[in-house]
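Below you'll find the structure, written out as structure tokens, and then a few comments.
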Amino acid sequence: MRIATWNVNSIRSRIDRVTDWLQRADVDVLAMQETKCKDDQFPTMPFAALGYEVVHTGVSQWNGVAIASRVGIDDVAVGFDGQPMWDEASEARALGATCGGVRVWSLYVPNGRTVDSPHYDYKLEWLAALDRTASGWLADDPELPIALVGDWNIAPIDEDVWDVEVFAHSTHVTERERSAFRAIESRFADVVRPFTPGPGTYTYWDYTQLRFPKRQGMRIDFVLGSPALAARVTHAEIARDERKPGKKGTPAPSDHAPVVVDLD
DNA sequence: ATGGTGGAGTATCCA
């Protein structure tokens, strides 16, 4: 089974790119973030035409997460236990579904904006709540195959940003964020990094300043697997080519590339 | 040249 995560930066403007790639890459389960639409605006039909069932949560133009699966969708959960709420759109940052026997969580971790912003504190609270809840799942049953996937808005180690000096006083690289990530990583392993080590291996490139052609990016999208899931991983990759601009006059790519994991 | 990209939705806000 092939699972993937992709911050699509608006599913309505990216629908053709996403469905084209789904077919080309032969993906079974795709978790999406930043769909930037309400539930009734989500383009379900192009997915259905390819044999994918879709669940989505979104209540505004902000956030929005979805899961598309061609191996079934069961036990859907919008948000997780204890998830902190910032506003009415907050719950559209986490969506869980069991697909082909694997519990997949599509996560859009709060950005944090700046270190002195209340959004930064909210980000840390959100990560702590996720850690508590996800730890509880494994305490109940250590054998569960669980994938925590998405845009974590954290660069866990220095080589995950193209220039540490540029990010010196920014979110995504602070010790408190990295510590929160490591806490979750103590039970859920990054199953992608061993197959795509850095430095210079990124999942996101800012739209401005020619960051993509200059290969100046950040690794902030991750697939973290429970022990039972990690044991099944046979391959992983970052689909960097999906970040490339299309032909002149065609819609822009997302600023994130998809991350792909194969399970046996 | 004081910008530079892109998506939301139509004035800015956000990433």
Side-chain angles (χ1 to χ4, degrees), chain A residues 5-21 31-43 46 56-66 84-95 106-124 126-127 149-156 160-163 166-174 177 181 202-222 238 240-259:
Chain A
T5 180
W6 196 359
N7 179 324
V8 296
N9 186 20
S10 170
I11 189 58
R12 285 177 290 171
S13 63
R14 222 69 67 203
I15 183 61
D16 290 343
R17 280 181 177 272
V18 170
T19 50
D20 284 357
W21 180 72
M32 289 163 271
Q33 300 85 36
E34 279 202 87
T35 58
K36 290 188 171 176
C37 67
K38 301 173 186 175
D39 289 339
D40 60 6
Q41 297 174 310
F42 190 96
H56 174 259
T57 177
V59 299
S60 72
Q61 70 202 75
W62 313 112
N63 312 335
V65 286
M85 291 292 132
W86 176 270
D87 58 20
E88 76 282 355
S90 296
E91 71 176 13
R93 292 184 174 279
L95 181 68
S106 180
L107 304 172
Y108 179 46
V109 175
N111 174 284
R113 302 193 187 180
T114 59
V115 175
D116 58 1
S117 160
H119 291 270
Y120 177 76
D121 299 317
Y122 171 64
K123 180 179 193 175
L124 294 172
W126 199 95
L127 289 162
V149 315
D151 177 356
W152 292 76
N153 273 315
I154 299 172
D160 295 336
V161 296
W162 61 274
D163 184 342
V166 167
F167 294 90
H169 303 292
S170 305
T171 60
H172 295 61
V173 301
T174 68
E177 290 163 276
F181 188 83
Y202 308 125
T203 65
Y204 162 86
W205 298 260
D206 195 289
Y207 282 125
T208 67
Q209 307 291 336
L210 300 173
R211 293 296 184 219
F212 182 72
K214 287 152 88 173
R215 299 184 171 268
Q216 298 174 335
M218 305 171 78
R219 189 200 286 251
I220 56 175
D221 300 87
F222 298 94
I238 298 163
R240 186 183 184 282
D241 284 355
E242 303 314 304
R243 178 62 178 81
K244 288 181 178 169
K247 290 176 183 164
K248 204 170 180 180
T250 61
S254 171
D255 42 3
H256 294 251
V259 180

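- Of the candidate nucleotides B/dC13, B/dA15, B/dA8, B/dA8 has the atom nearest to the side chain of A/Ser13.
- No donor-acceptor distance shorter than 3.5 angstrom exists from the side chain of A/Tyr202 to the backbone of A/Arg215, with no hydrogens or angles considered.
- Taking the ring centre of A/Trp205 as origin, the terminal cationic atom of A/Arg240 falls inside the region bounded by 6.0 Å and 45° from the ring axis.
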Using the side-chain hydrogen bond (donor to acceptor under 3.5 Å, both in side chains) rule, take A/Gln33 and A/Ser106 through it: C-alpha gap first, then chi angles, then the decisive distance, then the call. CA-CA 7 Å; A/Gln33 300 85 36; A/Ser106 180; 3.2 Å; yes
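- Taking only side-chain nitrogens and oxygens, A/Arg12 comes nearer than 4.0 Å to OP1 or OP2 of B/dG9.
- To the nearest whole angstrom, the two P atoms, one in B/dG9 and one in B/dA15, are 16 Å apart.
- What separates CD of A/Gln33 from C1' of B/dC14 is a distance of 17 Å, to the nearest Å.
- Side-chain atoms of A/Tyr207 lie closest to B/dG6 of the nucleotides B/dC13, B/dA8, B/dG6.
- With hydrogens and angles ignored, no donor-acceptor pair under 3.5 angstrom links the side chain of A/Gln61 to the base of B/dG9.
- Between the C1' atoms of B/dT12 and B/dA1, the separation comes to 24 Å (whole Å).
- Nearest to the side-chain atoms of A/Arg113 among the listed nucleotides B/dT5, B/dG7, B/dA15 stands B/dA15.
- Relative orientation of the A/Phe42 and A/His56 rings is tilted, given thresholds of 30° and 60° on the angle between their planes.
- The side chain of A/Ala252 approaches B/dG6 more closely than any other nucleotide in the set B/dG6, B/dC14, B/dA15.
- Side-chain proximity of A/Tyr108 to the nucleotides B/dG9, B/dA15, B/dG7 is greatest for B/dA15.
- Note on A/Arg14: a side-chain N or O is less than 4.0 Å away from OP1 or OP2 of B/dG7.
- In this structure, A/Asp206 atom CG and B/dG4 atom C1' are separated by 10 Å, rounded to whole Å.
- Residue contacts shown for A/Thr208 include a base, since a base heavy atom lies under 4.0 Å away.
- When the C1' atom of B/dC14 is taken as reference, atom CG of A/Asp255 falls 12 Å away, rounded to whole Å.
- B/dG6 atom P lies 13 Å from atom CZ of A/Phe212, rounded to whole Å.
- In summary, the side chains of A/Lys123 and A/Asn111 do not present any donor paired with an acceptor at a separation below 3.5 Å, with no hydrogens or angles considered.
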